[in-house]
Amino acid sequence: MVTLTFNTKAMLYTLVNLFILVRSTFGRIGIQTNTTKIRQSLKRRGNSSSRLHESQLEKYATTKKLRQDAHTRDLIAITVINELRPGEKIEFGTEVRSPSGDYRFGLNQMSGDLVLTRHTYGIPQEIWSAGVVGGWRLSMQKSDGNLVVRDSKGDALWSTRTQDHPGCRLEVNDGGYAALLKGENQLWTTQIVPPPLAIVIPSNQYIEKDSFVESPNKKFSLGLTSSGEFVLKNENEVIWSAGISGTSHLYMQNKGNLVARNSQGLLLWKSNTNKNPGAKLVVDDNGSAMVVREKSIIWQANASLVVAPTPSPIFLPTRSSTSIPFPNPRNQGPALGGSFESVDVILPSSNILKGDFVKSPNESFSLGLSSSGRFIFKRGGQVIWQTDKSGGTKLTMQGDGNLVLRNRDDEALWKSETHGNPGSRLILDDGGHVAVISSNEDGNTPLWLTGIPRGEYNGPSSPNLSFPVRSTFYYPWYPQTWKVRGALSKHEPSLGFYSSGDHSVVENHIDALEYAHVQLSIASWWGPGSKLDRARISLLMDKSVENRSASDPQVKWSVYHEDEYDLDQSPDAIKDDLDYLKKWFTWHPAWAYVDNRPVIFVYNEGGGVDEGCDVVNRWMTAGDGEWYVVLKVFKDYLTCKTQPDSWHQYAPGKDAIDESYAFGVSPGFWRAYDEEPKLKRVTKPKFCANVQRMVQSPAQWHLITTFNEAGEGTMIESSEEWKSNSGYGYYLDCLHDYP
């Protein structure tokens, strides 16, 4: 044995450190060489290097270089484990193996990709990969059950998206796949299941009367007969029927509900499978018609079986961490109407990383993640819009349609609140419009909007309203508020528990408003950027114009400023809100005007005269004569020295109010969380009589409280509870019969 003296050890230690210093000093040369070699290697493997961003290639090369250095310093040895438990982490060099050792799951030591390999006779074969570059650590997060690949800086590159399931573990079995388990329940797997032999009808598709879809073997068919019966047939024999007739369309809604409607849009039948976005209708060779979501059957019809809905399964993750090839995203035609060319920035279940930007087709605008981790939109070097939160490492278009900015810990910093719209994508066009849009056979529906408004306010955009004006209060905030304080609405519309961003719902509502001779619809509004206001109010106005003359649609729009009730805003703050409305909405031909001024209704507090008169002073100061301001009455409101342009009352608890400034009618008032109604549902004769009185009133505003406030039980839109032969329901029938 040779014993080293202290001086000998010190000398060797110095030489080793000098060697490492020299390697690090000249490392960039090695990295550049590696980048070239990797690009050549990828080409040999059949992967086009143009699909990897240059920063990804460099990260790949840097990772490979560091790992080669690590091997040189003998810091890596293969470690074998049989499972990855909650809170555990592994780095390259550690594998999770199946009991036989034939299947191994871990990080590729050169590329950093997460891979599953099969080892037969000592020869490794890759059978699955996550498609990431530069992975350094694989973590089984204890707090939420998410399996995450992170790079050397700790930034998340890929995950199973199984958060909200703490206590998960990862196992690899001899069946040839890795699985994430909680107890015995499988939440995620690398296993690829062969698709069923079946015909599939995806979300937002429909079957018309007297048409059928056949199973692949053409033995079974599902559809609507000439009399509108919804049936499943074995050749010519009916083996299942929904027991309805008169159906015009069988529609697979994007929220997962299969519904049958007549030619008036009245709901005849439904599968009760809503809250399953992305569900599909399947007809297979075994004679079963099924509504399925991922790998779960949530409704089924065959000769003798109708299965009740089951809880929604966990969405399986996509394999790719970045599906957008940079720097060449997919260019499209106009996505928001008009003539502006657009580009897809993020496709469904894809993301962009910090430092990535996409330009509009004309290269005037750019959208991406800044070096500070903000989601940002720019014109040249000018910032037009950005998120308040910084620190993001990736921007993801989730499979459910929600656009989410996340940090390195995979925590959400900002989101578009557009979940429930699977298949949505983020676009940027040459007009500077940024939108999350949902597409179907009828076109594109904007769900979230920012960027540059489509128009500019230059004075009145439509003819003035003529008094009296038939008006109603409208609520564009669903599905978020079908439940209030945890309680579901007492009444369900004929359209089901819909989304206010669904263009087919909006078209139905505009048609109903026109049928009821409504001239002004007053949309609940909670301030700039709230409740997807830019997308939803724009959609309402666009559809109003589509239904009628583009220069003077029948249904005009204003907003109900709800924040005033709680905030008591200063004149400057109110003016900021009014300027926002001018910027985004009042230029539209469907915005309402009186005396050549845009109309706004305000839900102010109904306190004493001093408090009330202060409301009047603040609003009239902020409006500065440029707005037609309609305030809510309070005690002794007429004694205020300053008066608004007009007054109104919001009184759902009375079936009718008859005042000099307004006549109002209500169909009932029963909050979702109350055991008893404040006002029982008004009968058809009583409501029709109240409408007749309203028609005869000389008051400026003929108010209907409300069109669709389901949470308070005041809605008049169509429902099975007050259905009529017209399909609109008897409340709308009364308004139609007495214009």
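Count residues from 1 along the sequence.
Applying the side chain to side chain donor-acceptor pair (under 3.5 Å) test to Gln386 and every residue at least two apart in sequence or in another chain returns nothing. In this structure Ser499 satisfies the side chain to side chain donor-acceptor pair (under 3.5 Å) test with no other residue, sequence neighbours excluded. In this view, Thr393 and Asp155, Arg408 satisfy the side chain to side chain contact (heavy atoms under 4.5 Å, CB included) rule, not counting sequence neighbours. Applying the side chain to side chain contact (heavy atoms under 4.5 Å, CB included) test to Arg379 and every residue at least two apart in sequence or in another chain returns Phe365, Gln382, Ile384, Ile452. Every side chain to side chain donor-acceptor pair (under 3.5 Å) that Asp533 has, sequence neighbours left out, goes to Trp525, Tyr580. With sequence neighbours left out, Glu363 forms a side chain to side chain contact (heavy atoms under 4.5 Å, CB included) with Lys359. Among residues two or more places apart in sequence or in another chain, the side chain to side chain contact (heavy atoms under 4.5 Å, CB included) test is passed with Lys531 by Trp477, Trp526. Evaluation of the salt bridge (charged side-chain N to carboxylate O under 4.0 Å, His left out) rule for Glu91 yields Arg137 as partners, not counting sequence neighbours. By the side chain to side chain donor-acceptor pair (under 3.5 Å) test, Arg169 is found to be paired with Glu171, residues two or more places apart in sequence or in another chain being considered.
Looking only at distances, no side-chain donor or acceptor of Ser342 sits under 3.5 Å from a matching main-chain atom of Asp429. Ser111 places no side-chain N or O within donor-acceptor distance of the main-chain N or O of Val133, the cut-off being under 3.5 Å. Judged purely by atom type and a 3.5 angstrom limit, Asp113 uses its side chain to pair as donor or acceptor with the backbone of Gly131.
For the residue pair Pro99 and Asn173, the shortest heavy atom distance occurs at CD-CA, 4.3 Å. Shortest non-hydrogen contact noted between Met397 and Ser424 is CG-O, 3.3 Å.
Phe105 pairs in a side-chain contact (heavy atoms from CB on, under 4.5 Å) with only one of the listed residues (Ile90, Val115, Leu138), which is Leu138.
Screening residues 387-396 for salt bridge (Lys or Arg N to Asp or Glu O under 4.0 Å), with sequence neighbours left out, gives Lys394-Asp410.
Taking the six-membered ring for Trp and the full ring otherwise, Trp128 and Tyr177 have centroids separated by 6.0 Å or more.
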Exercise. Give the intermediate values and the outcome of ring-ring contact (aromatic ring centres under 6.0 Å, His included) for residues Trp385 and Phe377.
Key: CA-CA 5 Å; Trp385 176 88; Phe377 168 61; 8.1 Å; no
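You'll find the side chain of Asn146 reaches within 4.5 Å of the side chain of Thr160, heavy atoms only.
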